[in-house]
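Since the structure comes first, as structure tokens, the remarks are kept for the end.
Whatever order the structure lists ligands and atoms in, that order sets their numbers, starting from 1.
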Amino acid sequence: MEQGEGQNRIEGTVEAVIYQNEENGYTVLRVDAGEGGLTVVGCMPGIAPGEEIAVTGQWMRHASYGEQFKAEVVERRMPAGEKAVYEYLASGAVKGIGAATARRMVEEFGADALHVLEEEPERLTRIRGITRKKALAMGEAFRLQMGMRRLLEFLGENGVELKLAIPLYRRYGDRALETLRENPYLLVDPEFGVDFSTADTLALAAGLDGEDPQRIEAGLLFELQHNLNNGHTFLPRRKLLPATAQLLGVEPERLSDGLDALTERGEVVEERVAGEDACYLAELQEAETYVADVLGEMSRRELLPPDGLDDIIEGIQNAQGIVYAPQQREAVALAARRQVMLLTGGPGTGKTTSLRGVLALFDVLGLETALAAPTGRAAKRLGELCGVEGATIHRLLETQFDPHTGRLVFAHDEQDPLKVDAVIVDETSMVDVPLMRALLSALRLDCRLVLVGDPDQLPSVGPGSLFADLIRSGVLPMVRLTEIFRQAAQSAIVRNAHSVNRGICPPLDNTSSDFFFLRRRDSVRTAETIVELVERRLPRNLGIPPDQIQVLSPTRRGTAGTAALNRALQAAVNPPSADRAERRFGEYIFREGDRVMQVRNNYDVMWQEKDGSAVGMGIFNGDIGRITSIDNRNEVITVDFDGRLVEYSPDMLLELEPAYAITVHKSQGSEYRAVILSVCDGPPMLLTRGVLYTAITRARELLILVGEDQVVARMTANDRQQRRYSGLRWRLGQEF
Ligand SMILES: Nc1ncnc2c1ncn2[C@@H]1O[C@H](COP(=O)(O)OP(=O)(O)OP(=O)(O)O)[C@@H](O)[C@H]1O
């Protein structure tokens with residue numbers, strides 16, 4: 001599709017509804033606008049033939065369907081006149097009314113039929129065959145529809161995305177419009193995801209005073225919510241007040257009462273934590289306290305080790321065909337004595353080998369053990385390494401949507417705990433506080449827990465620096481593996497990862513066979529080299545096909561950022577072709593054969609195994625797949641995620657991005673045969689040691705850095721980590 005220019009307005013009568021998606025309201029209409037039929041597309045749930053509409057939007061050219069009008073604001077007028085009312089009712093627009101009933105209604109009430117239906121449905125009983133019960137049900141169905149329509153009009157008039165009508169309705173039912181008018185700030189809830197400024201404009205336009213308590217409280221909650229994305233579980237009062245004051249354009253002193261009101265109502269918890277006046281969203285405070293309490297409790301519990309533990313470990317070593325180093329032996333032995341433990345270490349220090357040892361021990365002890373990881377890829381890899389199935393934590397807990405709140409809930413919790421005796425979690429550095437809370441609440445009281453990870457990897461995207469906090473608290477039983485095994489030490493990838501971690505810039509002299517540096521003096525040349533490596537050099541010279549190479553960049557922006565690299569790599573490895581369909585979506589052109597990534601957790605999307613053998617739910621942030629087909633007629637893009645096929649409708653495309661190049665942050669928890677990292681100048685916040693270390697440790701066989709050597713040196717030296725406000729370590733310390 002090509003985008004036309006400027007806003008246009010058309011008016012007409014709906015002739016036919018060609019397509020309507022019940023879930024998200026996406027609709028394709030045939031509209032009679034006086035000069036023949038037009039195609040209008042957009043979010044217009046419940047719209048029906050016979051309705052008069054006035055639509056503001058833009059003309060677009062669709063590759064297969066030609067010109068169509070994309071609606072942004074839709075004003076719907078009720079059909080007037082007997083003919084239009086009849087057509088509207090006969091179209092099936094109102095549940096329970098078909099053509100025959102429509103005819104009788106118009107015969108009886110004329111053009112007033114709709115008024116009767118909405119205001120005095122009991123009068124419908126005058127029509128033969130309509131009982132009182134049925135009449136009331138018809139009236140109710142119509143009123144519901146009118147509610148949706150008015151809600152849509154309100155959203156349209158206020159420049160809020162129309163597609164929010166559906167989730168608003170799901171949450172608030174027929175009181176949605178009223179509730180929204182009373183409190184426009186509810187749109188800022190993460191479920192609706194509207195900018196604070198949009199909701200604020202709406203509220204101010206409706207006459208709310210700039211210092212109204214409602215506005216101030218909404219601003220404070222937004223600021224706390226927003227800062228979860230920066231990894232903070234709380235904000236100190238001394239930061240929260242000025243930040244909110246700036247957001248709202250009011251004096252900080254004006255905010256204290258609002259904060260007090262929120263605390264009184266229990267939406268915010270203010271608590272003295274590690275010398276700060278910590279302000280928490282209530283659920284985060286609860287989650288953090290819960291995690292500290294439960295892990296503190298588990299840490300104190302000592303278990304009786306089995307008789308002959310040494311012999312058992314001996315047997316496990318023999319079965320694995322290795323001799324444990326002392327630290328590894330200690331790890332397995334600790335798992336026999338404690339209910340919870342941490343197992344940490346850098347690459348090649350034998351974490352996985354020890355984890356397998358613990359798993360084997362639990363097996364000998366007759367414990368049923370679940371293996372889990374925070375991402376799908378990490379879970380899969382863990383399963384492969386251990387020879388048993390690994391699951392994502394979300395899958396283990398069985399994610400469900402609460403249809404009333406539209407929020408995510410887990411099937412397993414204190415009421416319905418997991419039926420396992422032990423859980424081993426890998427890549428724990430990626431687990432945030434709310435997810436750990438959910439996991440802990442689903443463990444039986446005597447369930448064992450082993451948390452494995454590398455604390456020097458980038459921290460979780462979500463709030464908290466959980467794994468690092470657990471380690472630094474010194475409260476949990478822990479084994480830290482430090483010895484790099486000979487086999488691993490032969491790899492320059494492993495050696496250099498460790499040296500970066502110690503702040504020593506790795507040698508960039510290309511004397512190894514798996515770690516290379518290609519010096520390029522600017523980002524244009526860097527990008528060219530990266531494309532050449534993926535397109536020709538690695539496939540031809542080393543036999544590594546493009547789909548086993550992952551290009552990484554610390555940043556999205558700039559010539560050597562992921563956005564530009566994706567365009568360049570797509571043009572090189574999957575160029576336009578007559579036999580590969582494509583579809584434009586925002587700034588992207590998706591094409592059959594493209595490598596793509598799901599960028600949000602979507603728990604209620606359905607996948608089907610390629611061979612049709614199984615179906616399931618859920619595709620997660622960071623999952624990488626390939627577009628197998630683009631059906632522009634039905635507006636469906638099919639993506640193959642390692643054998644699981646998912647169909648993306650237009651509204652889901654927001655969750656899909658090209659993945660020839662991805663940011664280092666998105667690569668966490670995944671491994672690739674070959675990794676190419678672009679190292680060009682950029683903001684120091686992104687050029688950190690943690691980013692370089694994480695990127696290097698993603699590579700299994702080959703790592704190539706392309707760019708400027710000073711940038712590599714600077715990244716190695718830049719050990720600044722953005723401070724995350726979190727009270728977990730402090731709370732664990734208080735426990736003892
Ligand atoms: N006790 C041992 N004796 C000999 N080799 C070992 C021993 N423990 C581990 N290794 C070898 O060292 C290498 C690294 O071990 P492992 O994969 O367990 O480390 P890791 O910490 O999980 O590494 P990564 O984080 O890179 O996956 C492997 O090749 C493994 O076979």
Side-chain angles (χ1 to χ4, degrees), residues 310 312-335 341-361 371-375 377-388 390 424-431 450-459 467-468 471 478-502 506 512-515 550 552 664 667-675 690 692-703:
D310 282 342
I312 296 177
I313 296 180
E314 211 63 41
I316 296 172
Q317 288 189 100
N318 291 341
Q320 277 188 14
I322 49 167
V323 179
Y324 288 145
Q327 292 170 336
Q328 290 176 312
R329 189 180 249 288
E330 193 191 328
V332 181
L334 190 65
M341 68 173 280
L342 308 177
L343 177 59
T344 82
T349 56
K351 288 187 300 297
T352 312
T353 309
S354 312
L355 184 157
R356 284 171 52 206
V358 173
L359 183 64
L361 169 79
L371 284 185
T375 67
R377 291 203 132 207
K380 194 162 171 224
R381 172 174 167 263
L382 178 64
E384 282 162 6
L385 289 170
C386 295
V388 284
I424 302 180
V425 180
D426 197 11
E427 302 281 358
T428 311
S429 57
M430 296 177 72
V431 178
V450 179
L451 301 174
V452 185
D454 176 355
D456 295 312
Q457 297 290 333
L458 293 169
F467 196 53
I471 292 171
M478 173 168 82
V479 171
R480 191 194 298 265
L481 303 171
T482 50
E483 183 186 339
I484 306 171
F485 283 92
R486 192 145 42 95
Q487 205 176 339
Q490 281 164 2
S491 145
I493 295 174
V494 171
R495 283 197 317 272
N496 291 340
H498 282 273
S499 92
V500 165
N501 206 19
R502 288 197 303 270
S512 77
S513 59
D514 62 349
F515 189 102
Q550 184 61 58
L552 301 179
V664 178
S667 75
Q668 268 178 283
S670 298
E671 266 193 9
Y672 312 93
R673 186 172 172 196
V675 166
L692 182 59
Y693 177 74
T694 300
I696 295 175
T697 51
R698 299 306 96 208
R700 231 177 12 243
E701 277 181 34
L702 178 70
L703 181 97

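- Under 4.0 angstrom from ligand 1, the non-hydrogen atoms of Gln487 all belong to its side chain.
- Taking each of Gly345, Gly350, Ala489 in turn, the one with a heavy atom nearest to atom 16 (P) of ligand 1 proves to be Gly350.
- For atom 27 (O) of ligand 1, the nearest non-hydrogen atom from the set Arg356, Gln320, Arg381 comes from Arg381.
- Checked against a 3.5 angstrom limit, the closest N/O atoms of Glu671 and ligand 1 fall outside it.
- The shortest N/O to N/O separation between Ile322 and ligand 1 does not fall below 3.5 Å.
- Ligand 1 has no nitrogen or oxygen under 3.5 angstrom from a nitrogen or oxygen of Ser354.
- Between the side chains of Glu427 and Thr375, not a single donor N or O lies within less than 3.5 Å of an accepting N or O.
- Contacts of Thr697 with ligand 1, taken as heavy-atom pairs under 4.0 Å, are absent altogether.
- With no hydrogens or angles considered, a side-chain donor-acceptor pair links Arg698 and Gln457 at under 3.5 Å.
- The residue from Thr344, Leu355, Thr353, Leu382 that puts a heavy atom closest to atom 30 (C) of ligand 1 is Thr353.
- If you check which protein heavy atom lies closest to atom 11 (C) of ligand 1, you get Phe485 CB, 4.0 Å.
- Between Met478 and Met341, every side-chain heavy-atom pair lies at or beyond the 4.5 Å cut-off.
- Contact check on Glu314 versus Arg329 returns a salt bridge, with a Lys/Arg side-chain nitrogen under 4.0 Å from an Asp/Glu carboxylate oxygen.
- Contact atoms of ligand 1 toward Gly346: 21 (O) (distance under 4.0 Å to a heavy atom of the residue).
- Of all non-hydrogen atoms in Val664 and Ala695, the two that sit nearest each other are CG1-N, 3.8 Å.
- Note: an N/O pair closer than 3.5 Å links Gly348 and ligand 1 by distance alone.
- Using a 4.5 Å heavy-atom cutoff, the side chains of Leu371 and Asp426 are not in contact.
- Between Thr697 and Ala497, the shortest heavy-atom contact is CG2-CB, 3.7 Å.
- For atom 8 (N) of ligand 1, the closest non-hydrogen atom of the protein is Gln328 NE2, 3.0 Å.
- For atom 22 (O) of ligand 1, the closest non-hydrogen atom on the protein side is Thr352 OG1, 2.5 Å.
- The shortest distance between side-chain heavy atoms of Tyr324 and Val332 falls below 4.5 Å.
- When every heavy atom of Phe467 is checked against every heavy atom of Leu342, the shortest pair comes out as CE1-CD2, 4.1 Å.
- Of the protein's non-hydrogen atoms, the one nearest atom 13 (C) of ligand 1 is Ala488 CB, 4.1 Å.
- By the 6.0 Å contact criterion, CZ on Arg480 is open, its count of non-hydrogen atoms from other residues, nucleotides or ligands being 12 or less.
- For atom 25 (O) of ligand 1, the closest heavy atom belonging to the protein is Lys351 NZ, 3.0 Å.
- With respect to atom 3 (N) of ligand 1, the closest heavy atom belonging to the protein is Val323 O, 3.7 Å.
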